[in-house]
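These notes are about the structure you will find just below.
All values below come from the heavy atoms of this structure, side chains included, with hydrogens, waters and symmetry mates left out. The first residue in the sequence is number 1, and the count goes up from there.
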Amino acid sequence: MQLEENEPSPDIRVLIVDDEYMVLSTLREEIGWERLGMKVVAEASNGRQALEKCAAYSPDLALVDISMPVMSGLEMIVSAKPDFPGLRFAILTAHPDFAYAQEALNAGALAYVLKTPVLVQDVERMLANCRDTIRAERESRLRVRFADQVLSRHAWDIRHALLLDLQRGSHITDPHWEYLFGHVKPNSADRSDPAAPNASAARSDHPTQLQVMYVTALHMKRLLARYPEADAPLVKYSLFQAVQEVAADCGGGTALPDATGGVYLIRTFAVSGSRSKSESDVQHIVTRLNRFFANYYSADAVVGISSSRTSRESLRDMLHEAEAASELSFYMPGREAPYYAYENKPAVGSSGAAWPKVEAELLAKWRQPHRADVPGSLQVLRHYAESDRPEPGKLRRQTLALLETSGVPLTRSDWNELTDNGTLNAWLDCLEKVLNRDTAPAPAALAVPVMHEDIGKALDYMHSHLHDNLTLAKVAEHIHMNPSYFSHLFKVNTGTTFIDHLTGLRIERAKQLLQRPDLKNYMLCEQIGFASYPHFCTQFKKHTGYTPSEYKQQVLASGTGACGGK
């Protein structure tokens, strides 16, 4: 029988293996292969020849005789399984003794049938069962493959969502834990609940120790600014992938990305392991990360490490510890250590009680017309930072608020630099540059305000979407701007806050719509974005001095299309 090599099969591709010609002929000619959704792609007369046919034709099912010369059916099955893991087997046997069939089933065969004589009905019934099993396995593999593809494609989003749950203190379910850590059993509150399933088993297992490493780049915002804004998600994803791959090569761990581009790496290891081995693993990971950041991004890696604990309920605290440890780089400009451990974090010298005095002194200096004593003010700020060692993030936020209060203009680049995770020296250098820029006021004749291009785009978007649920974050995202900086820039350009300006725009639109006699007042809410009619009435009267009904009566009575405040 001439068979076409690798010919596409309608469904299940079958290899028949038997040393009896009459059996081969009967199976080939009398079985309703097409009706069964099967196709015979090859035949063989012994086990060794069958292995060659498997390599040539990639069958899905091998219908194999047990007793054959050269290599028996059982030997062929054992030999084929490592090289052809997807191949399934059905057994033909002339031995009515079930022991032969049992041996074949133990070797992995799906079913068996007696061939003395060959009863077509019995063979077809067996083949139909094999077909259903193979199809079910295919569907299962497809589902698993599809699930893996979805998980891989959305790995960043899924793991970022799990990180947010951890940071909020939400309970991580066992399925999520298994997704993150695979076979590692959690050490959780199972101990406190003796009635919980498998609680005794969990208590008897060797506990697993957890540790969190927070990985980011020194001057992360500066790194991201090298690329077009549209490419920022790709850069963040590549950093996440790099951390995950390094962890896989260095003993394992699972990576959870944050929105800034940083990555939390949660490592697990046995409590009974040696401390030197754990420290060696950490050093190996840090070395690999430093090499990656230097080679691909020309940047230094910053790694903060939490304390080690045995309960997954402690993960929220450990995430905070790891990030707090990474911020020690702010006070160590010489890169004195390859990583920063939370357990070695110096005690903060103050609860912030000294800040009001520092704030008053800086405000007095920065509000001067020419800001002449910039070096002196920066020295005050440096002394406060180095002596009290406040959290860098809090220090940056307080200083930005002070700059805004002092009327110091900030560009988008300034904002990114001043909120970046750089060192204290780099941060003070940026502050000096900002404070020394344009300290002398411009002549009145030349002081023509120019609307920032991005704020103009934001205002256009707000005008055309007043009916939507507009938020500062949503508008900032539309113009691809950091929400905090957008809020600052919006106030600088419009002289008012985002909310106040948005409310004013909606009131003006309402005044226009109220001139239409056919439009009911309560219908205005949906058209101008107010959450409720009472809220709309309250805001309208606050801005105009009239209720919507009073305003509408005045407009219609006067016929002017305008109405002044009371």
Checklist entry - Between N295 (side chain) and R291 (backbone), is there a donor-acceptor pair under 3.5 Å? => result yes
Checklist entry - Given side chains that start at C-beta, do those of L466 and R506 come closer than 4.5 Å, heavy atoms only? => result yes
Checklist entry - Once you round to the nearest 0.5 Å, how far does CG of L256 lie from CD1 of I158? => result 11.5 Å
Checklist entry - Would N425 and T423 count as a side-chain hydrogen bond (donor to acceptor under 3.5 Å, both in side chains) if you check the C-alpha gap in whole Å, the side-chain angles of each, and the deciding distance to 0.1 Å? => result CA-CA 5 Å; N425 285 340; T423 62; 5.5 Å; no
Checklist entry - Is a donor on one side and an acceptor on the other found under 3.5 Å between the side chain of N421 and the backbone of L218? => result no
Checklist entry - Considering all heavy atoms of both residues, which atom of D468 and which atom of K474 are nearest to each other, and what is their separation? => result CB-NZ, 4.2 Å
Checklist entry - Hey, does the side chain of D165 reach the backbone of S170 with a donor-acceptor pair shorter than 3.5 angstrom? => result no
Item to check | Value rounded to 0.5 Å, distance of CG in L224 from CG in D231 | outcome: 11.0 Å
Checklist entry - Looking at L418 and C430, what are the two nearest heavy atoms and their distance? => result CD2-SG, 3.7 Å
Checklist entry - What are the two closest non-hydrogen atoms of S329 and S326, and how far apart are they? => result OG-O, 3.0 Å
Item to check | Taking every non-hydrogen atom, the tightest pair across R509 and H463 | outcome: NH2-O, 3.0 Å
Next on the checklist: Using every non-hydrogen atom in the two residues, find where W366 and S377 come nearest and quote the distance to one decimal.
Outcome noted: NE1-OG, 3.0 Å
Checklist entry - Are S406 and L363 close enough that some pair of their side-chain heavy atoms sits under 4.5 Å apart? => result yes
Checklist entry - Between atom CD1 of I285 and atom CG of L265, what is the distance when rounded to the nearest 0.5 Å? => result 5.5 Å
Checklist outcome for this item: CE (M462) and CD1 (I455) are apart, to the nearest 0.5 Å, by 9.5 Å
Item to check | Verdict with supporting geometry, M220 and D420, side-chain contact (heavy atoms from CB on, under 4.5 Å) | outcome: CA-CA 7 Å; M220 174 63 83; D420 206 357; 4.2 Å; yes
Checklist entry - Does L428 offer a backbone N or O that forms a donor-acceptor pair with the side chain of R382 under 3.5 Å? => result no
Next on the checklist: Quick one: does any side-chain atom of R309 pair with a main-chain N or O of S314 as donor and acceptor, under 3.5 Å?
Outcome noted: no
Item to check | Basic-acidic side-chain contact under 4.0 Å: K221, E417 | outcome: no
Item to check | Audit row: T399, L431, side-chain contact (heavy atoms from CB on, under 4.5 Å) steps and yes/no | outcome: CA-CA 9 Å; T399 305; L431 262 178; 4.0 Å; yes
Next on the checklist: Classify the ring geometry of H478 against H465: parallel below 30°, tilted from 30° to 60°, perpendicular beyond 60°.
Outcome noted: tilted
Next on the checklist: Quick one, V302 and V215 - any side-chain contact, counting heavy atoms below 4.5 Å?
Outcome noted: no
Item to check | Under 3.5 Å donor-acceptor, R226 side chain and Y297 backbone | outcome: yes
Checklist outcome for this item: side chain to side chain contact (heavy atoms under 4.5 Å, CB included) test vs V246 passes for just one of H284, Q241, R288, namely R288
Checklist entry - With distance as the sole test, does W156 use its side chain to make a donor-acceptor pair with the main-chain N or O of P257 at under 3.5 Å? => result no
Item to check | Partner residues of R138 under the side chain to side chain donor-acceptor pair (under 3.5 Å) criterion, sequence neighbours left out | outcome: D11, D60
Item to check | Exceeds 12 heavy-atom contacts within 6.0 angstrom, atom NZ of K357 | outcome: no
Next on the checklist: Could you measure the distance from the CD atom of E361 to the CG atom of L381? Nearest 0.5 Å is fine.
Outcome noted: 10.5 Å
Next on the checklist: Looking at D83, I want to see if its CG is surrounded by more than 12 non-hydrogen atoms of other residues, nucleotides or ligands under 6.0 Å.
Outcome noted: yes
Checklist entry - Hey, what's the ring geometry for F530 with H535, parallel, tilted or perpendicular (30° and 60° as the breaks)? => result perpendicular
Item to check | Note, K457 side chain near D460 side chain (heavy atom, < 4.5 Å) | outcome: no
Checklist entry - Would L403 and L435 count as a side-chain contact (heavy atoms from CB on, under 4.5 Å) if you check the C-alpha gap in whole Å, the side-chain angles of each, and the deciding distance to 0.1 Å? => result CA-CA 9 Å; L403 290 171; L435 291 168; 3.9 Å; yes
Checklist entry - Got a second to check how far L239's CG is from T216's OG1, nearest 0.5 Å? => result 8.0 Å
Next on the checklist: Checking Y296 now: which residues fulfil side chain to side chain contact (heavy atoms under 4.5 Å, CB included) with it, not counting sequence neighbours?
Outcome noted: F292
Checklist entry - Is there side-chain contact between D388 and W355, with heavy atoms separated by less than 4.5 Å? => result no
Next on the checklist: Please check this pair: side chain of Y485 against backbone of T411, looking for a donor-acceptor N/O pair closer than 3.5 Å.
Outcome noted: yes
Checklist entry - Regarding T310 and Q209, is there a side-chain donor-to-acceptor distance under 3.5 Å anywhere? => result no
Checklist entry - Can you name the nearest heavy-atom pair linking Y331 to P392, along with the distance? => result CE1-CG, 4.1 Å
Checklist entry - Are there more than 12 heavy atoms of other residues, nucleotides or ligands under 6.0 Å from atom CD of E477? => result no
Next on the checklist: Quick one, M213 and V243 - any side-chain contact, counting heavy atoms below 4.5 Å?
Outcome noted: no
Item to check | Verdict with supporting geometry, E321 and S307, side-chain hydrogen bond (donor to acceptor under 3.5 Å, both in side chains) | outcome: CA-CA 7 Å; E321 288 179 0; S307 59; 2.7 Å; yes
Checklist entry - Can you tell me if D300 uses its side chain to pair, donor with acceptor, with the backbone of N290 under 3.5 Å? => result no
Item to check | T503 vs Q539, side-chain hydrogen bond (donor to acceptor under 3.5 Å, both in side chains): CA-CA, chis, key distance, verdict | outcome: CA-CA 8 Å; T503 302; Q539 292 297 323; 4.8 Å; no
Checklist entry - Which one of Q244, R159, R267 satisfies the side-chain hydrogen bond (donor to acceptor under 3.5 Å, both in side chains) criterion with T254? => result R159
Next on the checklist: A side-chain contact here means heavy atoms from C-beta on lying under 4.5 Å apart; do F490 and V475 qualify?
Outcome noted: no
Checklist entry - Looking at side-chain heavy atoms only, is the closest gap between L319 and E323 below 4.5 Å? => result no
Checklist entry - Is it true that a side-chain atom of S464 and a backbone atom of Y461 form a donor plus acceptor pair closer than 3.5 Å? => result yes
Next on the checklist: Is there a side-chain contact (heavy atoms from CB on, under 4.5 Å) between E404 and V408? Walk through the geometry before answering.
Outcome noted: CA-CA 6 Å; E404 186 172 348; V408 179; over 6 Å; no
